[in-house]
Every structure is written in structure tokens, then in C-alpha cells.
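In listed order, ligands and their atoms are each counted from 1. These figures come from a predicted structure and were not determined experimentally.
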Amino acid sequence: MDLSVRLAPDNPRGLTLKNPVMTASGTFGYGTENSHLFDIRKLGAIVCKGTFLEPRDGNPQPRIAETPSGMLNAIGMEGIGIEALIRDKAPVWADWDVPVIVNIAGETVEEYAAIAERLDWLDGISGIEVNISCPNIRAGGAEFGISPDTAATVTAAVRKATSLPVLVKLTPNTSEITAVAEAVAGEGADALTLINTLKGMAIDIHSRKPVLGNITGGLSGPAIKPVALYMVYEVAKVVNIPIVGCGGISTAADALEFIIAGATAVQTGTAGFSNPLVHLEILEGIEDFMTQKGINSIEEIIAAARQ
Ligand SMILES: Cc1cc2nc3c(=O)[nH]c(=O)nc-3n(C[C@H](O)[C@H](O)[C@H](O)COP(=O)(O)O)c2cc1C
């Protein structure tokens with residue numbers, strides 16, 4: 001049975017995963033925190049926490065709220081910054097037999113490009129995932145990923161700055177997801193990740209105040225799965241680059257739905273907080289399904305829903 005998938009088939013450096021099961025950024029730290037819980041070499045790839053150029057403190061507490069079938073988070077991209085990542089994390093990853101993809105974010109296009117440039121040709125880093133859900137400070141705080149133009153500008157700048165495989169992670173907080181996807185693919189992204197969190201909020205009726213210190217947060221978990229699945233299905237119709245499905249995946253059946261909708265690989269985030277072994281269970285479940293159905297390669301079922 002062949003579980004391997006290629007996430008950057010058009011990039012000379014390539015990005016082949018031994019299986020399609022990945023961690024979602026911000027939910028698996030730098031991988032180092034979880035490496036004692038299970039054999040992380042079994043994962044297809046690890047996507048690390050979002051990293052800005054400089055270290056960041058993140059948002060005021062509370063940063064997390066539970067919701068029916070999901071959670072809201074407003075971590076605010078707390079992180080160690082790119083220099084510490086290069087100094088302390090990359091050398092550890094270089095010894096791992098699992099590709100690590102660095103999720104990057106910036107408040108300006110130049111910041112994205114500067115981080116991408118710093119990561120090029122570093123041992124231990126197999127790819128970059130560009131989070132375009134960040135507020136563009138020059139454009140008054142609107143997310144880069146909301147419009148095809150700004151999404152394309154960030155992608156072009158990152159593409160120019162690195163030869164590494166580039167995945168661009170799209171935000172669902174736009175009415176133009178297919179146009180954004182096409183624009184990003186047109187600027188040389190190797191793959192797309194869909195989706196980041198949906199904007200939401202919760203209110204404490206007793207204090208009559210928003211629950212989150214940041215007022216709004218990002219909704220994740222099973223609640224967003226149908227939205228994410230729909231977006232993967234729609235985007236897969238208009239681009240020819242691999243899609244990584246993400247959003248509410250907590251079982252092998254969820255993962256298979258995304259693959260059948262058009263995803264080449266999948267990421268799981270929130271489900272790992274309540275079940276740290278979820279990625280392995282998803283992998284085993286995919287293997288069992290393929291055995292039962294006589295499927296020899298993942299490629300056979302990618303986008304089967306459309307045929
Ligand atoms: C606590 C938390 C932190 C996150 N941090 C990041 C991040 O740094 N960069 C990013 O692109 N996405 C981040 N995300 C979004 C996830 O990677 C993922 O896209 C989203 O949670 C949907 O997947 P899920 O329902 O499996 O969690 C974060 C999500 C959570 C819950």
C-alpha cells in the first residue's frame with residue numbers, strides 16, 4: 001500500500017510525505033513538546049507554530065474559550081521569533097526523520113519575505129507554510145488573505161525569497177476563496193492549506209463582557225469541518241496544485257472526506273488537545289480503510305467526489 005503523497009510536485013526541491021497525516025500549525029508547538037508522547041516519525045509532516053520575524057507576547061488572557069463542537073482561540077501569535085527558531089529548533093529538526101514545515105506570518109509583505117529568506121537552505125526545514133490570516137498593518141488591519149490582490153502580493157514576495165516548497169494557508173474569512181486560491185497558485189505557491197480558523201466570539205452574560213481578552217477569536221474543531229470541506233471541494237476545482245485539508249478533522253473518516261473532496265494531505269489541530277494520539281489513529285484508520293476497500297494508493301481517491 002502506498003500512502004506517500006507529493007506536496008510540491010513542481011518544485012525541484014520536492015516535498016514528499018510518507019503519508020498524508022500532518023499536524024496543524026499552533027496546535028503541536030515545535031514538535032519538541034510532543035516527541036515523548038508518540039513516535040512522531042510516523043507523521044507525514046509536522047507544521048510548527050506560527051513564527052514572526054521578532055519574538056511576540058501574544059494577546060491578553062483569556063485566550064481560549066470552549067464552544068459547542070469546537071473552541072475559540074485568540075493566542076495572538078505568541079512566539080519565539082525567527083532567530084531563536086533557527087538557533088534552537090532547526091538543529092533538532094535536522095536529526096528527525098519527519099519533514100518539518102515552518103508556518104510564517106508577518107504584518108507587512110517585507111516581513112514575510114525576510115522570514116522566508118532566512119529559512120532558505122537551512123538544515124531541518126522542508127518547507128514553509130505562509131499564514132495569510134494576519135492583519136496587514138499597512139492596509140488598516142484587514143487580513144492579507146481576504147483579497148486576491150494582497151494574497152498574491154505576499155505569495156509572490158515569499159516565492160521570490162525562497163526556493164523551499166511554499167504552502168499558502170488560506171483564510172475562510174473571505175467571500176472570494178476560489179479567487180484567492182487562483183491568485184496564490186498563479187504566483188507560484190506549491191500547495192495550498194485550507195482552512196485557517198473562522199472568526200467568532202463568545203460573551204459572558206454575567207460580566208456582560210466578551211469572554212476573550214482579544215474580544216474576537218478563531219473558531220476551530222468539528223464545528224468548522226463542513227465549511228472547510230466545502231472550501232476544499234470548491235478550490236480543488238480551480239487549481240492544479242496540491243491542497244492540504246484542515247478544519248475539524250478528528251477521525252480517519254473525516255480525513256478521508258477531505259481527500260475524496262480534493263485534498264492531497266490533511267492536518268489535524270484542535271482534536272489533538274483532547275486526544276494526543278489522534279494523528280496516529282487517523283493514520284491507522286486510513287490504512288484500514290484502504291485495506292478493506294482494496295485501494296493501493298492515496299492518489300486513487302484524491303478528488304474522487306468529483307468524478
Ligand atoms: C490554539 C491554536 C493556535 C493556532 N495557531 C496557528 C498559527 O500559529 N498559525 C496558523 O496558520 N494557524 C494556527 N491555528 C489554526 C490551525 O492550524 C487550524 O488551521 C485550525 O485550528 C483548524 O483546524 P482544526 O479544526 O483541526 O483545529 C491555530 C489554531 C489553534 C486552535
Heavy-atom count check: over 12 atoms from other residues, nucleotides or ligands less than 6.0 Å from [X] [atom1]?
X     : atom1 : value
Glu66 : CD    : no
Lys18 : NZ    : yes
Arg6  : CZ    : no

Answer with side chain, backbone, both or neither: which part of [X] has a heavy atom less than 4.0 angstrom from an atom of ligand 1?
X      : value
Thr27  : side chain
Thr270 : both
Met77  : side chain

Hey, what do you get for CD (Gln267) to OG1 (Thr193), rounding to the nearest 0.5 Å?
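Rounded to the nearest 0.5 Å, the CD-OG1 separation comes to 5.0 Å.
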List every atom of ligand 1 that sits less than 4.0 Å from any heavy atom of [X], numbering the atoms from 1 in the order shown and giving each element.
X      : answer
Gly247 : 22 (C), 23 (O), 25 (O)
Cys246 : 18 (C), 19 (O), 22 (C), 23 (O)
Ala24  : 17 (O)

Test your reading of the structure: does [X] have an N or O sitting under 3.5 Å from an N or O of ligand 1?
X      : result
Asn103 : yes
Gly50  : yes
Gly221 : yes
Gly248 : yes

May I ask you to identify the nearest protein heavy atom to [atom], giving residue, atom name and distance to one decimal place in Å?
atom                    : value
atom 21 (O) of ligand 1 : Ser220 CB, 3.2 Å
atom 20 (C) of ligand 1 : Thr197 CG2, 3.8 Å
atom 15 (C) of ligand 1 : Asn196 OD1, 3.4 Å
atom 26 (O) of ligand 1 : Gly269 N, 2.9 Å
atom 31 (C) of ligand 1 : Asn73 ND2, 3.4 Å

Tell me the closest heavy-atom pair linking Thr27 and Thr268, and the distance in Å.
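Shortest heavy-atom separation between Thr27 and Thr268 comes out as OG1-O, 3.9 Å.
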Could you tell me how the ring of Phe38 sits relative to the ring of His279: parallel (under 30°), tilted (30 to 60°) or perpendicular (over 60°)?
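Phe38 vs His279 ring planes: parallel.
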Which residue in the set Thr171, Asn73, Ile224, Thr270 passes side-chain contact (heavy atoms from CB on, under 4.5 Å) when paired with Thr197?
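When side-chain contact (heavy atoms from CB on, under 4.5 Å) is applied between Thr197 and each of Thr171, Asn73, Ile224, Thr270, only Asn73 qualifies.
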Among Val184, Ile243, Leu7, Asn131, find the residue that satisfies the side-chain contact (heavy atoms from CB on, under 4.5 Å) test when tested with Leu167.
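The single option meeting the side-chain contact (heavy atoms from CB on, under 4.5 Å) with Leu167 is Leu7.
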Looking only at non-hydrogen atoms, which of Met22, Lys169, Lys49, Gln267 approaches atom 17 (O) of ligand 1 most closely?
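Closest candidate by heavy-atom distance is Lys169.
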Out of Gly26, Ser250, Gly217, Ser25, who is nearest to atom 14 (N) of ligand 1 when you count heavy atoms only?
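The residue whose heavy atom sits nearest atom 14 (N) of ligand 1 is Ser25.
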Any sub-3.5 Å donor-acceptor pair from Asn19's side-chain atoms to Lys42's backbone N or O?
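Here the side-chain-to-backbone pair exists.
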Sidechain-backbone polar pair: Asn214 side chain, Ala74 backbone, donor-acceptor under 3.5 Å
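Here the side-chain-to-backbone pair does not exist.
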Under 4.0 angstrom from ligand 1, any heavy atom of Ala271?
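Per 4.0 Å heavy-atom rule, Ala271 does not contact ligand 1.
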Hey, does Ile195 sit under 4.0 Å from ligand 1 if you only count heavy atoms?
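The answer is yes: ligand 1 sits under 4.0 Å from a heavy atom of Ile195.
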Can a side-chain donor-acceptor contact be found between Thr162 and Asp120 if the only test is distance below 3.5 angstrom?
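A pair is found: one side chain offers a donor N or O, the other an acceptor, under 3.5 Å apart.
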Indicate whether any N or O donor in one side chain lies under 3.5 Å from an N or O acceptor in the other, for Asp288 and Thr291.
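No, Thr291 and Asp288 have no side-chain donor paired with an acceptor closer than 3.5 Å.
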